[in-house]
S.K.: 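Starting off with a structure, shown below.
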Number of protein chains: 2
Amino acid sequence: MRSKTTSLRDVARLAGVSVPTASQALNGRARVSDETRRRVMEAARRLRYTPHAAARRLILGRSDSVAIVPGTNMTGIFSDLFYRAVLTGVGGVFEEAGYRMLITPPLRSASQLPQFVEMASAREIDGVLVAGVVDTRWVEDTIAAGTPVVLLDNHLSGRPVPAVVNDNAGGAYSATRYLAELGHTRIGFVGAAVDYPFGRETHDGYRRALAEAGLGPDPGLERLIPIDAERAREAAGVLLSLADPPTAIFAVTDLLALGVITAARERGLAIPADLSVVGMDDIDLASVTNPPLTTVRIAKEEMGRRAARMLLDLIRGTDVNPTIVVLPNELVVRGTTGGRR
Amino acid sequence: MRSKTTSLRDVARLAGVSVPTASQALNGRARVSDETRRRVMEAARRLRYTPHAAARRLILGRSDSVAIVPGTNMTGIFSDLFYRAVLTGVGGVFEEAGYRMLITPPLRSASQLPQFVEMASAREIDGVLVAGVVDTRWVEDTIAAGTPVVLLDNHLSGRPVPAVVNDNAGGAYSATRYLAELGHTRIGFVGAAVDYPFGRETHDGYRRALAEAGLGPDPGLERLIPIDAERAREAAGVLLSLADPPTAIFAVTDLLALGVITAARERGLAIPADLSVVGMDDIDLASVTNPPLTTVRIAKEEMGRRAARMLLDLIRGTDVNPTIVVLPNELVVRGTTGGRR
DNA sequence: CGGGGTTGTCAAATCGATTTGACACCCAGC
DNA sequence: GCTGGGTGTCAAATCGATTTGACAACCCCG
């Protein structure tokens, strides 16, 4: 249980030098004779010496680790196929830079967020990456406490908090426009609450494409719901039960699109013959469904990489202008869309 | 960038006491007058004081955090729907116990594992939870270094390393036996390499059920592949192209089962009319596919909880007998299985 | 042979918190 | 008034590593 750690003192003793000299030898900063360095290195190797992390952090004043905060909009950062890809990008960058990532289990409420303020003020982490929706006040507190924050897949309107986001409005626009070009005139919308950026932007893009196609908006064709496949199934059920149901539906995430497809199948509708469906994300699963899903591909890994690099720049003080980076996306046409019959 | 931290010294100064007294007051251990305690508390509040984590760890000798190591069998702990559920269980326990979880990005090779040995020997973490396949030698090194290790969904044969696993053999047995009871005589197997416990055990369970049903094993009906939906699609393609193809297939994970279903669809086979399919895991997606997947439900969250509690016990020295806990599972019959026609 | 310049090593201070033990103070009792 | 038992506070030591500056030991050169 309590096997005692080998400390620098042990190494120094074995090498027959003082502690500071051993430190110098290992870190190679100052003048140490080759012979001494060799002896210290050898001693460290023999004793399997590893510097005590807490002690280093204390004296060096940095922790070389960052926190990844799952926003309140997700049930958990592990359950989300979209963030999995984003985190792959994030992880690659921090790994290469020698940083550790601290991830907590899924936050169940916004009240758990202050935990990260504490970690930041305890100097346990050098920076914070927030994925998804988060309380504005919290972000401001953290920044005020001197800890760099970068937002991922979300941004605070009008505030200069650095962020990396997908062009949600553009993606929703391309998807809807494509459906209109296929000849659909009744295009349903399964989206998210418009009181946060993602929900608002996708709704805007959808409406703009309709307008440009000369189609008036029909609130009866729009359902705003939480991001959940089951809720999407219900929502699509409502739309498909209308007297004059949509012949195409744009769902703002792939998960929702899968729910829509399930609802269509339950009603015996063929896809894409009876109903065209477009999602957004291009999660891995999208290409293996039957038929494979037409969707808007978000540059997920790139999103993670950009955000991670921004945070590193902020931590190192290289860059100080907070910017919001908007990444372009791309419509990927697969099997769930077809002309209006 | 460098906003200076408020330390205990600042709090003490503001309260008009010495540093040790302030510490006593905040931690409430020894005798401190009520008046002094009140003043210190007030000062701490005003200054938004948070103890420096590294300093505490240094003096207290523990970090109150554990590492979660994704094994080498997965592309990433984020991409895996199965481990998402397991981690939900793990997270709940550690959260409640006041421990932090450190998770690294997906390991790409076994060579990255020593990173955790370092963290352990740097006393950065109090314990390690390894999810999935991992190098035996590494586990032994870590334990030898005095850091408790618990294995999740894997175990080391013949070695007394504490672990929590699913009854893989039992699950494979129930699934195969159920297919046999439905009247199928040619039952395919899409499994994993038999050179690690999961692969071996599922294969054993499958063979045992066949034997009990009086069906001889047919190596031509068995495909051993990496856990990947695409590879499962290919493997099922091979099986379904046989002169005398299987009328039922047991795939050792739900993800593989989805790949099998895709392959069947590509060949115009109806499920379950032309082909019965059973998976194992019961990932969230399993119940929303079309038709919903018959599968063996693994006690995923319970698995995580048990492993987390075992690790806590080891860290606290409460329990010292390494045990391997085998969790029972349950066949969930849904829509992908039917009688042989 | 002594002064200036290297060169290698170590003593001491530091980071921020906690724990131990010494000290001053007060009150009661003989 | 002196002793003894509490009580509250603080000085000092500690955890393990790093950094600064002092101090030898040595060399070269005039």
S.K.: Any side-chain N or O of S23(A) less than 4.0 Å from the OP1 or OP2 oxygen of dT18(D)?
M.R.: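 Checking dT18(D) against S23(A), a side-chain N or O does come within under 4.0 Å of OP1 or OP2.
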S.K.: Who passes side chain to side chain donor-acceptor pair (under 3.5 Å) against R13(B), sequence neighbours left out?
M.R.: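 So R13(B) forms a side chain to side chain donor-acceptor pair (under 3.5 Å) with D10(B).
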S.K.: For residues A85(A) and E301(A), report the shortest heavy-atom separation together with the two atoms involved.
M.R.: O-CG, 3.5 Å
S.K.: Expressed as a whole number of angstroms, how long is the span from R39(B):CZ to dC10(D):C1'?
M.R.: 14 Å
S.K.: Compute the angle between the rotation axes at the two ends of the helix from dC1(C)-dG30(D) to dC30(C)-dG1(D), each taken over five pairs, rounded to 10 degrees.
M.R.: 80°
S.K.: May I have the distance from L26(A) (atom CG) to dT9(C) (atom C1'), rounded to whole angstrom?
M.R.: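 In whole Å, dT9(C) C1' lies 15 Å from L26(A) CG.
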S.K.: Return the set of residues passing side-chain contact (heavy atoms from CB on, under 4.5 Å) with L8(A) (not counting sequence neighbours), or none when no residue passes.
M.R.: V11(A), V19(A), A22(A), S23(A), L26(A), Y49(A)
S.K.: Answer yes if the side chains of D153(B) and Y83(B) hold a donor-acceptor pair under 3.5 Å, and no otherwise.
M.R.: yes
S.K.: Going by side-chain contact (heavy atoms from CB on, under 4.5 Å), name the residues that satisfy it together with E35(A), two or more places apart in sequence or in a different chain.
M.R.: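 Applying side-chain contact (heavy atoms from CB on, under 4.5 Å) to E35(A) gives S33(A), R38(A), R39(A).
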S.K.: Taking atom C1' of dT19(C) as reference, at what distance in whole Å does atom CD of Q24(B) sit?
M.R.: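 Answer to the nearest Å: 7 Å.
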S.K.: Between dT7(C) atom P and D34(A) atom CG, what is the distance in whole Å?
M.R.: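 Answer to the nearest Å: 13 Å.
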S.K.: Using whole Å, what does the distance between atom P of nucleotide dG16(D) and atom CG of L60(A) come to?
M.R.: 16 Å
S.K.: Going by number, which of residues 49-59 of chain A have a non-hydrogen atom under 4.0 Å from DNA chain C?
M.R.: L58(A), I59(A)
S.K.: Tell me, please, which residues at least two apart from R305(B) pass side chain to side chain donor-acceptor pair (under 3.5 Å).
M.R.: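 Side chain to side chain donor-acceptor pair (under 3.5 Å) list for R305(B), sorted by chain: E302(B).
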S.K.: Tell me the interatomic distance from R9(B), atom CZ, to dT18(C), atom P, rounded to whole angstroms.
M.R.: 14 Å
S.K.: Between S33(B) and dT9(D), does any side-chain N or O lie under 4.0 Å from OP1 or OP2?
M.R.: yes
S.K.: Considering residues at least two apart in sequence or located in another chain, which fulfil the side-chain contact (heavy atoms from CB on, under 4.5 Å) criterion with R48(B)?
M.R.: none
S.K.: Can you tell which of dG16(D), dT19(C), dT9(D) lies closest to the side chain of T36(B)?
M.R.: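 Within the option list, the nearest is dT9(D).
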S.K.: Take atom CZ of R37(B) and atom C1' of dT9(D), then tell me their distance rounded to the nearest Å.
M.R.: 13 Å
S.K.: Among residues 10-21 of chain B, which contact DNA chain C at a heavy-atom distance under 4.0 Å?
M.R.: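 When residues 10-21 of chain B is checked for heavy atoms under 4.0 Å from DNA chain C, the hits, listed by number, are V19(B), P20(B).
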S.K.: Just how far, in rounded Å, is P of dA17(C) from CZ of R123(A)?
M.R.: 12 Å
S.K.: Sequence neighbours excluded, which residues qualify as side chain to side chain donor-acceptor pair (under 3.5 Å) partners of T136(B)?
M.R.: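 Result, side chain to side chain donor-acceptor pair (under 3.5 Å) vs T136(B): none returned.
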S.K.: Can you list every salt bridge (charged side-chain N to carboxylate O under 4.0 Å, His left out) pair that touches residues 19-28 of chain B, not counting sequence neighbours?
M.R.: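 Sorted pair list comes back empty.
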S.K.: With sequence neighbours left out, what residues match E42(B) under side chain to side chain donor-acceptor pair (under 3.5 Å)?
M.R.: R45(B)
S.K.: How would you list, by chain and number, every residue that makes a side-chain contact (heavy atoms from CB on, under 4.5 Å) with L312(B), sequence neighbours excluded?
M.R.: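 Testing L312(B) for side-chain contact (heavy atoms from CB on, under 4.5 Å), a comparison that skips the adjacent residues, returns V93(B), F94(B), A97(B), Y99(B), R316(B).
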